[in-house]
Each structure stands twice: as structure tokens, then as C-alpha cells.
Novice: 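Pasting a structure here, questions to come.
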Amino acid sequence: MRDLASARAPSARLGAALYESHYLTAVDAAGGRAVWLRYTALKSPGATARPTVWLTWFDRSAPGPRAWRVTASQPVTDPGASWARSALGVLGPGAARGAIGEAAWDLTWEPRAAVLPYLPARWLYDRRVPRSGGVALAPSALVSGSIGLDGGEPVLIEGWNGMIGHNWGSEHAEQWTWLHAGGLGPDRAGWLDFVLVRIRLGPLLTPWIAAGAVHIDGRTLATARRGRVSRELRGERTAVRVPLAGAAVLELTASAPAAATVSWDYASPSGRGRAVQNCSVADATLVLHTRSGDRAFEVAAGLAVEHGAPS
């Protein structure tokens with residue numbers, strides 16, 4: 001079986017349809033600022049895969065996010081020991097570097113948690129069904145380095161709460177919501193990373209399915225195989241309920257200001273693309289219900305929340 005971090009696009013069959021993304025999110029531990037970085041590849045049947053790099057900078061004190069996206073003219077190539085590489089930049093174990101337009105970055109990270117697969121079994125990856133899969137390569141990490149914006153003085157990043165992920169497949173999920181936060185709890189070592197999806201099976205659309213985990217007070221609780229998952233999206237507000245192992249339940253309500261949200265279009269290898277909205281500096285209230293009692297947490301301008309739906 002192939003490593004969950006390694007690139008699929010360079011070795012994809014000519015007739016295959018494929019999208020792939022290696023990504024990094026890092027949020028200022030003080031809240032209010034964040035960077036969202038994606039190294040992607042898109043391959044239509046009969047064509048070679050083309051790399052695109054995306055960078056979004058969030059600052060709650062600014063009028064809105066600043067975003068860049070550039071597609072390289074050369075097709076993707078074997079990244080070697082890295083995970084993604086093109087003329088626009090490189091991302092691999094422990095580091096990401098590159099430049100697009102007037103933005104440049106040089107980042108390193110220290111993982112603080114083990115790899116977190118989103119599919120329930122390793123053998124489900126790289127199959128015709130399910131059509132997509134993902135993994136949090138580092139569901140919690142400390143990110144440091146610098147970001148250059150518009151040729152000005154670089155923004156220094158030191159010990160920001162981050163995560164590094166990888167997803168790929170022949171088709172995007174029909175709908176999804178992704179949530180991430182770090183620095184939770186009195187020791188600031190807690191984190192959560194969840195993806196909720198609805199999958200289309202012919203004319204049918206599944207209920208919400210959740211994957212991921214929350215880590216609090218040295219204990220990691222993964223999503224439960226049974227129990228009702230719910231997600232409600234109304235304007236800037238997102239409310240989710242996720243059943244966890246050990247009869248625990250996480251309830252989360254997020255507020256993502258429109259002025260701090262970026263909208264992207266995700267192209268599809270075949271068929272319709274997806275309209276995506278991401279706010280990496282959202283506010284949130286979390287309540288973790290366990291057999292030993294309830295714990296509540298507040299996140300101020302430090303939660304990443306992303307929604308995807310057919311465009």
C-alpha cells in the first residue's frame with residue numbers, strides 16, 4: 001500500500017480523472033491572523049496533471065482576505081522525497097516553500113500529533129469507491145517561518161497552531177464541512193480536526209458522515225461509527241454535532257464573518273466543480289459531552305471552517 005502522504009498525480013494513468021491537494025493551515029496563537037496554503041494537481045481523462053498553488057492570508061483587522069492562485073505551465077513531476085513540487089514551490093516533510101505573484105513563503109513545522117486517516121480502514125484508499133479520501137498528516141503542528149505579501153516586510157510566524165493534510169480522488173465529495181482548531185485547553189495542547197461529508201450515490205445523497213478527532217487533556221477521542229451526525233449552515237453560523245468514541249459528543253457552533261471569508265471555485269476532474277468558502281479565523285464555542293461531565297471551550301478568531309458544495 002502506498003504511503004498516505006505521497007503524491008498520486010505524477011503516476012496517474014493517462015485515462016484517469018484525479019484531483020489532489022496537499023495543504024497547510026496555520027493560525028496565530030493569539031487569534032485573528034492565519035495562512036491557508038494549498039499545492040494542488042488536477043487531471044482530466046486523457047490529459048496530464050497540472051499543478052496549481054493557492055495562498056490565502058486572513059487578518060481580522062483588514063477589510064478582507066488576500067488571495068493568490070497560480071497554475072504552472074509545466075505538468076506535475078515526481079516530487080522525489082517531497083510530497084508536492086512544481087516551479088511554484090515545494091511542500092514535503094516538515095517544510096513548505098514557494099512564491100506566486102507577489103506572495104512568497106518559507107515555513108517549517110513540528111508535528112504534535114500522529115497521522116489521522118479520515119477513512120475508517122487503510123485498504124479503502126486508492127480504490128474506485130469511495131471516489132475520494134483524505135488524511136490529516138499532522139492534525140496538530142507548530143508552524144514557524146515567514147510570509148511575504150506584496151513585496152513588503154515579511155510577516156514572521158512563530159509557533160502558530162497548524163495542521164497539514166492531504167486529499168485526493170476521482171471526484172470531490174458532493175458536500176463537505178471541514179473544521180480545525182489548535183491551542184485548546186489550559187495547556188494549549190488540545191486540538192480538533194473534523195471533516196463532515198455527504199456523498200452522492202447515483203440519485204441518492206447520504207446523510208452527513210464525520211471523520212476526525214478531538215484531543216483534550218491528553219486524551220484523543222475519534223468519531224464514533226454510530227450516532228447521528230448533524231450540520232446546520234445559516235449565513236455566517238455553522239452548528240455541528242459529532243458523536244465520538246466512548247459515548248462522548250462534540251457540539252460546536254462557529255461564526256465565520258463574511259468579511260473574513262474567501263470564496264474559491266474547485267474544478268472537478270469530470271463534471272461540475274465545487275463552490276468553496278473558507279474562513280480560517282472564525283470564532284467558535286465547543287462543548288464536549290462525556291460520561292464524566294461537560295467541558296466548554298471558546299475559540300476567538302482561531303477556528304478554520306470550510307464548506308464545499310456543487311457550484
Side-chain angles (χ1 to χ4, degrees), residues 25 27 31 112-121 124 130 132-136 138-140 161-163 165 167 173-199 205-256 277-309:
T25 294
V27 182
R112 303 184 74 193
V115 173
L116 177 67
Y118 293 147
L119 295 182
L124 288 170
S132 63
V135 54
S140 176
N161 297 313
M163 72 84 63
N167 57 51
E174 184 74 1
Q175 295 176 254
W176 72 83
T177 290
W178 172 67
L179 301 157
H180 182 271
L184 303 179
D187 60 0
R188 307 291 292 172
W191 53 268
L192 68 86
D193 189 85
F194 290 104
V195 59
L196 286 67
V197 300
R198 298 187 76 186
I199 301 169
L205 191 61
T206 68
W208 286 101
I209 303 167
V214 59
H215 178 86
I216 295 291
D217 298 335
R219 182 186 181 194
T220 301
L221 295 171
T223 52
R225 296 289 182 89
R226 297 181 179 180
R228 185 177 67 88
V229 177
S230 66
R231 190 222 69 169
E232 179 182 299
L233 176 60
R234 291 187 179 180
E236 298 181 349
R237 178 182 177 275
T238 302
V240 303
R241 178 188 184 276
V242 179
L244 304 173
V249 173
L250 177 73
E251 293 183 335
L252 181 150
T253 301
S255 176
Q277 292 187 319
N278 184 296
C279 176
S280 293
V281 286
D283 302 310
T285 298
L286 294 67
V287 181
L288 180 62
H289 304 279
T290 67
R291 288 171 176 166
S292 59
D294 298 344
R295 296 280 305 278
F297 304 90
E298 297 290 333
V299 178
L303 176 90
V305 54
E306 176 182 299
H307 301 296

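In this chain, residues are counted from 1 in sequence order. Hydrogens, waters and symmetry mates play no part in the numbers below; they use all other heavy atoms, side chains included.
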Novice: I need the Thr285 OG1 to Leu252 CG distance, nearest 0.5 Å.
Specialist: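 One finds 8.0 Å between OG1 of Thr285 and CG of Leu252.
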Novice: Mind checking whether Ser140 and Asn161 have side chains closer than 4.5 Å, heavy atoms only?
Specialist: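 No, too far: nothing below the 4.5 Å cut-off.
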Novice: Which is it for Leu303 and Leu179 under the side-chain contact (heavy atoms from CB on, under 4.5 Å) test, yes or no, and what are the steps along the way?
Specialist: CA-CA 7 Å; Leu303 176 90; Leu179 301 157; 4.2 Å; yes
Novice: Test His307 against Thr238 for side-chain hydrogen bond (donor to acceptor under 3.5 Å, both in side chains), laying out the working first.
Specialist: CA-CA 10 Å; His307 301 296; Thr238 302; 2.9 Å; yes
Novice: How far does CG of Asp193 sit from NE2 of His215, to the nearest 0.5 angstrom?
Specialist: 13.0 Å
Novice: Given side-chain contact (heavy atoms from CB on, under 4.5 Å), test Leu221 with Leu288 step by step and report yes or no.
Specialist: CA-CA 10 Å; Leu221 295 171; Leu288 180 62; 4.3 Å; yes
Novice: Short question: side chain of Thr290, backbone of Ala248 - any donor-acceptor pair under 3.5 Å?
Specialist: no
Novice: If I take atom CG from residue Leu196 and atom CH2 from residue Trp178, how far apart are they, to the nearest 0.5 angstrom?
Specialist: 13.0 Å
Novice: Can you tell whether the side chains of Glu232 and Arg241 come within less than 4.0 Å, N to carboxylate O?
Specialist: no
Novice: Nearest 0.5 angstrom please: Leu184 CG to Leu192 CG, how far?
Specialist: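 That separation rounds to 5.5 Å.
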Novice: To the nearest 0.5 angstrom, please state how far the CE atom of Met163 sits from the CH2 atom of Trp191.
Specialist: 9.0 Å
Novice: Could you check if a side-chain atom of Val242 sits within less than 4.5 angstrom of a side-chain atom of Phe194, using non-hydrogen atoms only?
Specialist: yes
Novice: Going through the checks in order, is the side-chain hydrogen bond (donor to acceptor under 3.5 Å, both in side chains) test met by Trp208 and Gln175?
Specialist: CA-CA 9 Å; Trp208 286 101; Gln175 295 176 254; over 6 Å; no
Novice: Ignoring hydrogens, what is the shortest heavy-atom contact between Leu116 and Ala213? Give both atom names and the distance.
Specialist: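 Minimum heavy-atom contact is CD2-N, 3.9 Å.
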Novice: Starting at CD of Glu174, measure out to CD1 of Ile199 and round the result to the nearest 0.5 Å.
Specialist: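 CD1 of Ile199 is found 10.0 Å from CD of Glu174.
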Novice: Return yes if some donor-acceptor pair links the side-chain N/O of Asn167 with the main-chain N/O of Gly133 below 3.5 Å, else return no.
Specialist: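 No: the side chain of Asn167 does not pair with the backbone of Gly133.
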